[in-house]
Amino acid sequence: MLGLLLLAGCGVLPAEPGAVPTDLVPSDAPVPTPTSSGNLSPDGFDSAQRMAVRIRNVGCDSLSTGSGFAIDETTLITNRHVVADSADLQLSTYDGRDVAVTASATAALADLAVVRTADPLPSAPGLAEADPGPGDEVTVVGYPQGGALTVTTGQVIGATTDPLNENLGQVLVTNAEVEPGSSGSAVLDASGRVVGVVYAKNATGQSFVVPVSTLRQLLADEASFTPTTSCG
């Protein structure tokens with residue numbers, strides 16, 4: 001059985017047939033690694049780190065954390081399960097600034113959500129034109145365990161049918177290390193462009209990524225997203 005772990009709120013998916021039996025196991029949080037993309041701000045953060053946002057979901061009977069990333073000055077992308085069942089969404093930027101939320105909406109097709117902000121976000125990366133292929137190097141930027149801003153690297157292993165939304169089709173599988181709280185993190189290529197969005201991991205340490213082609217498809221159709229309502 002292949003166990004998958006949603007990376008916000010630690011929700012576990014129903015079991016799915018797989019190659020080998022595994023159980024979900026805890027692993028150490030990724031260790032921040034130096035970035036090499038340049039474009040440093042005066043405080044020493046590069047553009048990839050400045051666009052990452054920590055998300056705290058205060059629910060009616062739960063509390064969870066996740067990650068997100070800006071795509072323009074007042075819009076960020078995260079996962080549907082990061083914003084689900086929320087009474088209050090609390091955002092903070094790489095430099096500790098709190099950002100007010102004005103609205104959020106979730107996609108039915110994929111584990112994606114759009115969040116609108118009242119205040120400007122520090123930086124927004126570009127979206128890649130195409131999905132990465134097997135062997136391509138990727139970088140994940142987010143807030144594992146709801147803690148420090150962390151950068152991890154890895155490679156695309158391949159693609160598989162999305163175990164959460166089979167009607168979506170293919171999602172990417174990488175060996176970039178992620179943890180609960182990493183849900184919604186941007187996956188970047190060597191040029192710093194977004195090639196996907198992290199949403200889950202399995203017990204062997206593989207991370208699952210909604211590809212940028214799916215993100216682009218949904219963003220092009222406003223009807224793909226449904227406004228969320230407070231659980232309260």
### Query
At what distance, to the nearest 0.5 angstrom, does CD of Q49 lie from OG1 of T139?
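The OG1 atom of T139 is 10.5 Å from CD of Q49, to the nearest 0.5 Å.
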### Query
For S207 and T174, does a side-chain donor sit closer than 3.5 Å to a side-chain acceptor?
yes
### Query
Are D119 and T117 linked by a side-chain donor-acceptor pair shorter than 3.5 Å?
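The answer is no; no qualifying pair exists.
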Can I get a per-line list of side-chain donor-acceptor pairs under 3.5 Å for residues 83-92, giving both atom names and the distance, sequence neighbours left out?
from, atom 1, to, atom 2, distance (Å)
S86, OG, N57, OD1, 3.4
S86, OG, D88, N, 3.1
S86, OG, D88, O, 3.3
D88, OD2, Q90, NE2, 3.0
Q90, OE1, R56, NH1, 2.8
S92, OG, R54, NH1, 3.3

### Task
Can you establish whether the number of heavy atoms outside E137 located under 6.0 Å from its atom CD is more than 12?
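Result for CD/E137: open.
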Is any side-chain heavy atom of [X] closer than 4.5 Å to a side-chain heavy atom of [Y]?
{"X": "T160", "Y": "F208", "value": "yes"}
{"X": "L109", "Y": "Q217", "value": "yes"}
{"X": "V187", "Y": "F69", "value": "no"}
{"X": "V173", "Y": "V156", "value": "no"}
{"X": "Q170", "Y": "P211", "value": "no"}
{"X": "I55", "Y": "L76", "value": "yes"}

### Task
Taking all non-hydrogen atoms of both residues into account, name the closest pair between G59 and C231 and its distance.
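Minimum heavy-atom contact is C-SG, 4.0 Å.
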### Task
Sequence neighbours left out, what pairs pass salt bridge (charged side-chain N to carboxylate O under 4.0 Å, His left out) with at least one residue falling in residues 215-232?
E129-R216
### Query
Could K201 and E177 be called an ion pair, given the rule that one side-chain N must be under 4.0 Å from one carboxylate O?
no
### Message
Against T75, only a single residue in L219, L121, V114 fulfils side-chain contact (heavy atoms from CB on, under 4.5 Å); can you say which?
### Response
V114
